[in-house]
*Asks:* 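Just passing along the structure, written as structure tokens.
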Amino acid sequence: MSANQHITRSDRPLPSTPSNASEVAADKRFGIVDCNNFYASCERMFAPHLIGKPVVVLSNNDGCIIARSNEAKALGIGMGMAYFKSKQLLKKHDVAVFSSNYALYGDLSNRVMTVLATFAPRIEVYSIDEAFLDFQGFDRWDLDRYGREICDTTQQWTGIPVSIGFGATKTLAKLANRLSKKTPGMDGVFDFSSCENPDALLSTVAVGDIWGVGRRWADRLQKEGVNTAFDLQQCDPAMIKQRFNVVLARTVQELRGVSCIELEEVQADRQQVLCSRSFGVRVTDFKDMRHSVTHFMTRAAEKLRKQNLLANVLSVHVSTSPFDDNNEYYSNSCTSRLVAPTNDSRELIRLAQRLLKSIYVAGHSYQRAGVMLSDLVSQRNLQQDLFNQDDGVERSDALMTVLDTINSQMGNGTLSFAGEGFGGGWRMKQLLRSPRYTTRVSDLKTVS
DNA sequence: TCTGGGGTCCTAGGACCC
DNA sequence: TCTGGGGTCCTAGGACCC
């Protein structure tokens, strides 16, 4: 780290173990398992001829590239690259291209998580392709060997290759996981605590590659001479808290081996539910816009009911493309509170349509729209309305249950609201989606 | 022609209350 | 002339994650 006036090193000696280590029964130890190139691996599961070949998966609406196999990465295909800009390159190297197929990825993710849960007393499913495992008390275990067993078993039972990192904190485990994939010879398993010269290793990691340090902060830190994970670890947390914020200060502590971010086994209730999409083609007609917003509202209400939640607040937003230089950018949203919390699609649709009317301005070519539900409350401890004595709520529940049951048993969209319209160019493009191999009987793979 | 979607946490500042 | 202090709630915006 170069000398500078702003960032001062802490004079305190770095703790080799958490300072309160004597008070806890055993040192904390976290593992993070991460599925390698998850979406691409899922596609390969049912297309084994693609093993060893470059594969990419596109975002919703076939907009940009969001997952790449190692072979695709090696060709210089960047994450987030616009699909239309990379078509030539993809074609030239005969890259297999898929639209995203979340039904498939979600199902395979569940299988992976089920396997992982058998290897540790506690598991936190952190994202569709990652899970933290609790290995507190595993001090005497050969984690390197155990890690290899976890990877081998998961791959064998689910077909998805994974890698694992161990560390005294979540941040160090993430870092170990990253190193396990980047360092030849580690082969997807690395225990940071077993490292003989951690300072040297931390010096090889760019500050922006640390979990919790995004682009903005990486830029700011680098301007002040903090370039590597080692540099950041040497910073005084109090100074970081003052000059950046408490979140980054925690990251500094975590890099020092002081665990600040706990394992969260049970998922907290959601605070908001969103449904928002880009359109397959620009929308210039109010009727199409109303169809799309009604459709998004229907999906959001389904999500709400699936989690037994009710919403108090609804907002609707619309916008034109920020990339369109020829037309004026327009973006607007409108928020409203419901009279009483609800998850009834009909009521939410009615309000959403009203809100849409207030922000829709004719003459624009709209690129996206969406709805957001917030101030969510659990259906179980709903405050009863003293003045509403009719049986509306029960009837609404019954109707929504019927709707959801039919759609879940007979396929999404079996029953839909007239307001959603039929077809419509605004529905997203998914021209290259693979079959829903594991969640639809009609899409089952056949062997001839 | 064509640029994803869905979340979280934290902070600052204003309104309002006693 | 003089114009408190402490607290909560809400919102917008900025940062991050996958």
Side-chain angles (χ1 to χ4, degrees), chain A residues 32-35 37-39 56-67 78-88 90 97-102 105-106 109 124-132 170-171 174 177-178 207-221 240-251 260-261 264 267-282 296 299-300 303-304 307 312-313 315 317 319-327 329 333 335 337 365 367-376 425 428-432:
Chain A
I32 175 104
V33 177
D34 166 292
C35 301
N37 315 319
F38 183 53
Y39 296 170
V56 300
V57 178
L58 305 177
S59 64
N60 266 334
N61 217 22
D62 295 349
C64 50
I65 293 167
I66 53 165
M79 180 72 170
M81 220 182 224
Y83 176 46
F84 75 94
K85 281 185 182 168
S86 42
K87 261 185 182 164
Q88 281 233 304
L90 295 171
V97 183
F98 292 91
S99 300
S100 34
N101 183 348
Y102 288 103
Y105 311 152
S109 169
E124 172 188 344
V125 176
Y126 178 65
S127 73
I128 194 164
D129 70 333
E130 281 173 280
F132 283 103
K170 280 182 162 180
T171 304
K174 282 283 261 184
N177 182 227
R178 190 188 158 78
V207 75
D209 291 335
I210 301 167
W211 185 50
V213 181
R215 263 258 297 286
R216 297 292 173 99
W217 284 351
D219 287 351
R220 247 181 82 186
L221 286 164
I240 292 287
K241 183 177 173 186
Q242 195 213 327
R243 296 187 37 105
F244 292 81
N245 70 8
V246 66
V247 181
L248 192 61
R250 281 204 283 260
T251 300
C260 304
I261 309 170
E264 284 166 43
Q267 244 194 349
D269 274 344
R270 237 179 242 306
Q271 306 198 8
Q272 49 183 224
V273 168
L274 279 92
C275 185
S276 151
R277 300 249 187 296
S278 301
F279 299 127
V281 296
R282 298 280 187 263
F296 301 151
R299 300 307 303 269
K303 285 192 213 175
L304 207 56
Q307 309 193 38
N312 274 299
V313 172
S315 67
H317 70 264
S319 69
T320 61
S321 169
F323 296 99
D324 185 349
D325 295 330
N326 301 322
N327 292 296
Y329 178 63
S333 70
T335 303
R337 181 164 275 275
S365 291
Q367 187 236 357
R368 66 181 296 122
V371 301
M372 181 172 92
L373 295 163
S374 49
D375 194 354
L376 308 182
M428 62 182 179
K429 272 191 289 195
Q430 280 196 316
L431 301 175
L432 306 164

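Naming: A, B, ... by sequence-line order, numbering from 1 per chain.
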*Asks:* With under 30° as parallel and over 60° as perpendicular, where do the rings of A:Tyr126 and A:Trp211 fit, or are they tilted in between?
*Replies:*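 Correct class here is perpendicular.
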*Asks:* Using a 3.5 Å distance criterion without hydrogens, assess whether the side chain of A:Lys303 forms a donor-acceptor pair with backbone atoms of A:Leu274.
*Replies:* yes
*Asks:* State whether the side chain of A:Ser109 and the backbone N or O of A:Ile128 hold a donor-acceptor pair below 3.5 Å, judged by distance alone.
*Replies:* yes
*Asks:* For A:Ser100 and A:Leu58, indicate whether the former's side chain and the latter's backbone hold a donor-acceptor pair under 3.5 Å.
*Replies:* yes
*Asks:* Across nucleotides 2-9 of chain B, 5' to 3', mark each nucleotide with B, S or - according to how protein heavy atoms within less than 4.0 Å reach it.
*Replies:* BBSSSSBS
*Asks:* Would you mind building the protein contact string for nucleotides 13-18 of chain C? One character per nucleotide, 5' to 3', B for base within reach (heavy atoms under 4.0 Å), S for sugar-phosphate only, - for untouched.
*Replies:* --SSSS
*Asks:* Do side-chain atoms of A:Asn61 reach the backbone of A:Gly63 as a donor and acceptor pair under 3.5 angstrom?
*Replies:* no
*Asks:* Using a 3.5 Å distance criterion without hydrogens, assess whether the side chain of A:Asn327 forms a donor-acceptor pair with backbone atoms of A:Ser365.
*Replies:*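 Answer holds: no.
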*Asks:* Rounded to the nearest Å, what distance is computed from the NZ atom of residue A:Lys241 to the C1' atom of nucleotide B:dA12?
*Replies:*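 So the NZ-C1' distance, A:Lys241 to B:dA12, works out to 15 Å.
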*Asks:* Starting at the 5' end of DNA chain C, what dot-bracket string do you get if Watson-Crick and G-U pairs under 3.5 Å are bracketed, crossing pairs use [ ], other-strand pairs use | and unpaired bases use dots?
*Replies:* ....||||||||||||||
*Asks:* For the pair A:Ser59 (side chain) and A:Cys64 (backbone), establish whether a donor and an acceptor sit closer than 3.5 Å, ignoring hydrogens and angles.
*Replies:*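 Judged by distance alone, yes, a pair lies under 3.5 Å.
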*Asks:* Taking the six-membered ring where the residue is Trp, are the ring centres of A:Tyr39 and A:Tyr102 under 6.0 Å apart?
*Replies:*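 Aromatic pair counts; centres sit under 6.0 Å.
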*Asks:* Taking C:dG4 as the reference, what is the distance to B:dC16 when you measure between their C1' atoms (whole Å, please)?
*Replies:*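 Per the computed distance, 16 Å lies between those C1' atoms.
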*Asks:* For residues A:Gln272 and A:Ser374, report the shortest heavy-atom separation together with the two atoms involved.
*Replies:*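 Where A:Gln272 meets A:Ser374 most closely, the heavy atoms are CB-CB, 4.3 Å.
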*Asks:* Of the options A:Leu248, A:Ile240, A:Ile210, which is the one that meets A:Trp217 in a side-chain contact (heavy atoms from CB on, under 4.5 Å)?
*Replies:* A:Leu248
